[in-house]
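Heavy-atom basis, side chains included; hydrogens, waters and symmetry copies ignored. In this chain, residues are counted from 1 in sequence order.
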Amino acid sequence: WSKEKVLSFLQDVSDRVDKEEEDSYVLNMIERESEQVTQGDWLMLLDEAVRSDLRLHRTYRKNSVRDLLRAIRNKKHHYRELTDEAKLLYGKMPGEFCDYW
């Protein structure tokens, strides 16, 4: 898949699970291997400037695949509003941004 298609897919999945109830089948399937996906704390795998930028607008759970997907979706949607430092770390859309995540 192209980087653009990967980001579009992740965005679609995020949109699908964003409002799911905690006990929903769909969300449970997304979260069932969360330790592998998040490595226990996906936030700590990010650069400090990116973590700081994420915290400006909301809180994210470090071990949640849904929150990781939400972060990717939100930063993609609001790329132009990112700090200059965060933009440098993410790189250009869509390729470098996708590679960062």
Kindly compute the distance separating [atom1] ([X]) from [atom2] ([Y]), expressed to the nearest 0.5 Å.
{"X": "K76", "Y": "H78", "atom1": "NZ", "atom2": "NE2", "value": "11.0 Å"}
{"X": "R16", "Y": "I30", "atom1": "CZ", "atom2": "CD1", "value": "9.0 Å"}
{"X": "L7", "Y": "K3", "atom1": "CG", "atom2": "NZ", "value": "9.0 Å"}
{"X": "E31", "Y": "E20", "atom1": "CD", "atom2": "CD", "value": "11.5 Å"}
{"X": "T59", "Y": "D67", "atom1": "OG1", "atom2": "CG", "value": "7.5 Å"}
{"X": "Q39", "Y": "M44", "atom1": "CD", "atom2": "CE", "value": "12.5 Å"}

K87 side-chain N/O to R80 backbone N/O, donor-acceptor pair under 3.5 Å: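 A pair under 3.5 Å: yes.
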Donor-acceptor pair, side chain of R66 and main chain of L27, under 3.5 angstrom: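 Between the backbone of L27 and the side chain of R66 there is no qualifying donor-acceptor contact (under 3.5 Å).
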Donor-acceptor side-chain pairing of S8 and E4 below 3.5 angstrom: no
Worked verdict on Y100 versus V50 for side chain to side chain contact (heavy atoms under 4.5 Å, CB included): CA-CA 11 Å; Y100 182 88; V50 171; 3.5 Å; yes
Pair Q11-D15, side chain to side chain contact (heavy atoms under 4.5 Å, CB included): steps then yes or no: CA-CA 6 Å; Q11 178 181 316; D15 289 344; 4.0 Å; yes
Minimum-distance pair of heavy atoms, taken over all atoms of N63 and G40: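 Heavy atoms of N63 and G40 come nearest at CB-O, 3.8 Å.
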Candidates T83, D47, D84, L46 - the one meeting side-chain contact (heavy atoms from CB on, under 4.5 Å) with L89: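 So the option named by the test is D47.
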N-O pairing of E85 and R51 below 4.0 Å: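 Not counted as a salt bridge, because no side-chain N and carboxylate O are separated by less than 4.0 Å.
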Hey, quick one: are [X] and [Y] part of the same hydrophobic cluster, counting side-chain heavy atoms closer than 4.5 Å, chains of contacts allowed?
{"X": "W1", "Y": "W101", "value": "yes"}
{"X": "Y79", "Y": "F9", "value": "yes"}
{"X": "V26", "Y": "I72", "value": "yes"}

Other residues, nucleotides, ligands: >12 heavy atoms within 6.0 Å of Q36 CD: no
Criterion side chain to side chain contact (heavy atoms under 4.5 Å, CB included) on T38 and K62, from CA distance to verdict: CA-CA 7 Å; T38 65; K62 64 185 181 179; over 6 Å; no
Whether W42 and Y60 hold their rings parallel, tilted or perpendicular, with breakpoints at 30° and 60°: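 Plane angle over 60°, so perpendicular.
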